Amino acid sequence: MDKPAKKAIVIKVNGKEQPYTSVTNTLPQWSNEESNEQSEKQDELIPFEMSKRYTRSPWRSFVLAIALAVVLGTSFGLLVLTIIPTTESKPTSTTTLQQEQNEEVPTSQRTETIFVVQGGVFQDEKAANVYVQKIKAQQRPSVIIGKQPVYVFLGMALTKEEAKKIAGLYESLGIDTYVKAWNVSVDEKENEPFMTIVSAISLLLDGQQLSNEQWNELQSYSFHDEQMKKAYEALFAFRQTNDQAQLWAAQQHILNVLQ
């Protein structure tokens, strides 16, 4: 019998059939184009596998960012704590402290309308001084107010009627007077004491007596204005001695407040 013919072995390389024989024991060869394609595929696979192997975890980056923020924040805090105490602990100069203590605190003023006993009106202070000397010769109070014109006031009261009674005390001396309203500005804190003293003097000059309650009210005040303080002292000197000169002295001091 004839032996069956040997079938050729066929293999496929890149989709192409190629015969394989026992005589040819070489491996299939690829063309240059096929070799280049295979190399490119290998080049593409290697970076991909390497990148998968060495890619950093996102959690690791997040932790590093937090750690960096903590370090920077701590460093900045220490820097601030180091600088601020140095700035605040800088000693204040004695001159600065004295300037701050000497700064005057603005005080509020209150304007009140009173009634004054006017002795005369003059064009200059020289003529007004001649008139004032005449008043002093009668041992009566007076004050010069203003520049042009120059006023000479001889007394004051809270009401027009009380001022007219004071004016009558000058008429007996042959001194002509005129009663008119006048605005005066007094420190807000001493406004009430000022008005109380003016009222007390006008009442006493009219021959009236102050009650114990009115004297106690005068004693309750604390006077900062020097002229008001002297008027207060003259009033209590009059209370003890009943000396009319002390009463006119009180009127002189309260008139000086108008200057």
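Values in this document were obtained by computation on a predicted structure and should not be read as measured data.
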- Flag the pair Thr177 / Ile166 as yes when at least one side-chain heavy-atom distance between them is below 4.5 Å, and no otherwise. no

- Heavy-atom pair of closest approach, residues Gln251 and Pro141: CG-CG, 3.7 Å

- Return yes if some donor-acceptor pair links the side-chain N/O of Glu125 with the main-chain N/O of Val150 below 3.5 Å, else return no. no

- Validation row: Val143, Gln259 side chains within 4.5 angstrom (heavy atoms): yes

- Message: Please report the interatomic distance CD(Gln227) to CD(Gln252), rounded to the nearest 0.5 Å.
- Response: 8.5 Å

- Any salt bridge (Lys or Arg N to Asp or Glu O under 4.0 Å) involving residues 159-184? Give me the pairs, sequence neighbours left out, ordered by first then second residue. Lys165-Asp206

- Message: Classify the ring geometry of Phe153 against Trp182: parallel below 30°, tilted from 30° to 60°, perpendicular beyond 60°.
- Response: perpendicular

- Query: Which heavy atom of Ala237 sits nearest a heavy atom of Gln246, and at what distance?
  - Reply: CB-OE1, 3.6 Å

- Any side-chain heavy-atom pair of Phe223 and Ile197 under 4.5 Å: yes

- Backbone N or O of Leu173 within a donor-acceptor pair of the Gln138 side chain at under 3.5 Å? no

- Message: Measuring only between side-chain heavy atoms, which start at C-beta, is Val152 closer than 4.5 Å to Val132?
- Response: yes

- Note on the structure: Scanning both residues in full, the closest heavy-atom pair of Trp215 with Leu235 reads CH2-O, 3.6 Å

- Going hydrophobic residue to hydrophobic residue with side-chain gaps under 4.5 angstrom, can you get from Val184 over to Tyr178? no

- Determine the minimum heavy-atom distance between Asp243 and Phe238, stating which atoms define it. O-CD1, 3.1 Å

- Message: According to side chain to side chain contact (heavy atoms under 4.5 Å, CB included), who are the partners of Gln219, at least two apart in sequence or on a separate chain?
- Response: Asn216, Tyr232, Phe236

